Amino acid sequence: MRLSTWIRQHLAALRALLILTVCTGIVYPLAVYAAAQLPGLRDGAEGSLQRAGGKVVGSSLIGQSFTDAEGNALPYFQSRPSAAGDGYDPMSSAASNLGPEDIVDTDARASLLTQVCARSRAIGDRERVDGSRPFCTEDGVGAVLSVLGTRGTDGDVAHPTRVVSVNQLCPATPFLGSYRGVTVECAQPGEDYAAGLIVPIRGNASAEPAVPADAVTASGSGLDPDISPEYAAIQVARVADVRGATVEQVREVVAAHTKGRALGFLGEQRVNVLRLNLDLDQRYPIRG
């Protein structure tokens, strides 16, 4: 290859590099930035930050907790649970990855079922509603039995020799007195009951619990900033009481922050917790 041809090729490549660098590294970012400053787009481009008293208190796109250091609810509407780090950690956005078959507690952690039961019971006590739900005991753990005995060809244990409430550690009183004529025992710490047939017991709780699903389960990201109108509704009386407002006044604020389905058919109705709480602070400040 002649030297002059080699030089021309490399000069052409250098020109292309410079042009692309200017277009994609300078012009395009500046164009995107300029478009983001247009009315209606700037707030979202800057992270949808929310301010109170001149200070940034959060983002309407990222959930946060409204509890004290001990985990007790502050005089605000509460967010849904979070499995992101220690809770709503943007650097650890994740789900618990526990599924509907995770119903037996272990020494390392409580099962998903027990977590749901415990949350439902605690929220029921806090909001003064019925916190019971199917497959949960009154003391807030999963209502699950390990039925031991010889199994038939269908996998069932027709004549149990021992029945254990696996999520109720002794000396707890089992949620069920007997099962198929066998007295139900509490579980001994450290003992393995996996050999038995695992049987969840539905109980007589309503199929439509007063505490909605989003109040007891974490979102896939762990950063969900919204709750359902149903979860907001059961919190109204508590928030109204601590703020010296009427239930109807707080309901009106909730309604003002309730958004419909996207495009009219995608998703569900939702209430942004941070914006709702900031509005309540403006209208009905916490009584000293």
Side-chain angles (χ1 to χ4, degrees), residues 47-96 109-110 112 114-133 136 139-141 209-219 221-247 249-251 253-254 257 270-288:
S48 299
L49 301 179
Q50 303 297 300
R51 294 173 172 80
K55 297 181 179 180
V56 175
V57 295
S59 167
S60 62
L61 302 177
I62 303 293
Q64 59 182 277
S65 62
F66 294 89
T67 58
D68 61 20
E70 286 72 40
N72 299 312
L74 294 171
Y76 292 98
F77 280 85
Q78 298 299 297
S79 305
R80 68 183 302 179
S82 171
D86 292 330
Y88 292 107
D89 181 358
M91 301 301 294
S92 301
S93 176
S96 66
R109 62 168 178 80
L112 176 62
T114 287
Q115 291 179 40
V116 167
C117 295
R119 290 167 180 164
S120 188
R121 183 173 183 269
I123 292 172
D125 292 342
R126 186 185 74 208
E127 309 299 347
R128 298 180 181 179
V129 298
D130 182 7
S132 65
R133 60 194 319 114
C136 293
D139 54 352
V141 299
V211 179
D214 67 299
V216 296
T217 56
S219 65
S221 67
L223 306 176
D224 193 343
D226 304 319
I227 58 175
S228 66
E230 292 76 19
Y231 187 24
I234 67 173
Q235 301 186 62
V236 166
R238 172 181 57 83
V239 173
D241 182 59
V242 296
R243 290 176 177 269
T246 66
V247 168
Q249 286 173 326
V250 175
R251 280 177 179 161
V253 182
V254 172
H257 289 274
R270 62 201 185 279
V271 180
N272 188 273
V273 182
L274 178 57
R275 286 176 173 168
L276 171 60
N277 285 334
L278 290 176
D279 196 3
L280 283 170
D281 278 346
Q282 290 292 321
R283 301 194 196 194
Y284 311 108
I286 302 170
R287 294 182 296 182

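Values in this document were obtained by computation on a predicted structure and should not be read as measured data.
Annotation for Leu280 and Val239: closest pair CD1-CG1, 3.9 Å, computed over non-hydrogen atoms. Residue Pro285 comes nearest to Asp281 through the heavy atom pair CG-O, 3.5 Å, listed as atom of the first residue, atom of the second, then distance. When all heavy atoms of Val211 and Ser120 are compared, the pair lying nearest together is CB-OG, 3.7 Å. Across all non-hydrogen atoms, the minimal contact from Ser221 to Ser93 is O-OG, 2.8 Å. Taking both residues in full, the closest heavy atoms of Leu274 and Gly58 are given as CD2-C, 3.7 Å, listed atom of the first, atom of the second, then distance. Here the closest heavy-atom approach between residue Ser82 and residue Gly222 is recorded as OG-O, 2.6 Å.
With contacts defined as side-chain heavy-atom distances shorter than 4.5 Å, the pair Phe77/Val271 does not qualify. Under the 4.5 Å side-chain criterion, counting only non-hydrogen atoms from C-beta, Ile123 is not in contact with Gln78. Residues Val242 and Ile286 are not in side-chain contact: their nearest non-hydrogen atoms beyond the backbone lie 4.5 Å or more apart. With a 4.5 Å cut-off on side-chain heavy atoms, Arg121 and Cys136 do not count as touching. Taking 4.5 Å as the limit, some side-chain heavy atom of Ile234 sits within range of a side-chain heavy atom of Pro212.
The OG atom of Ser59 sits 8.5 Å away from the CZ atom of Arg275 when rounded to the nearest 0.5 Å. For the atom pair CG (Leu61) and CG (Asp224), the distance works out to 11.0 Å, reported to the nearest 0.5 Å. How far OG of Ser79 is from CG of Leu223: 11.0 Å, rounded to the nearest 0.5 Å. Note: Ser60 OG to His257 NE2 = 11.5 Å, rounded to the nearest 0.5 Å. Atom CG in Asp226 sits 13.5 Å away from atom OH in Tyr231 (nearest 0.5 Å). Going from atom CZ of Arg243 over to atom CZ of Arg283 covers 12.0 Å, rounded to the nearest 0.5 Å.
Within a 6.0 Å radius of CG in Asn72, other residues, nucleotides and ligands contribute more than 12 heavy atoms. Around the CZ atom of Arg128, the shell of radius 6.0 Å holds no more than 12 heavy atoms that belong to other residues, nucleotides or ligands.
For Tyr76, the ring pair (Phe, Tyr, Trp, His ring centres under 6.0 Å) partners are Phe66, not counting sequence neighbours. Take Glu230 and apply the salt bridge (charged side-chain N to carboxylate O under 4.0 Å, His left out) test, not counting sequence neighbours, and it matches no residue.
At least one donor-acceptor pair under 3.5 Å links the side chain of Gln115 to the backbone N or O of Ala110. Listed for the Gln64 side chain is no donor-acceptor partner under 3.5 Å among the backbone atoms of Ile62.
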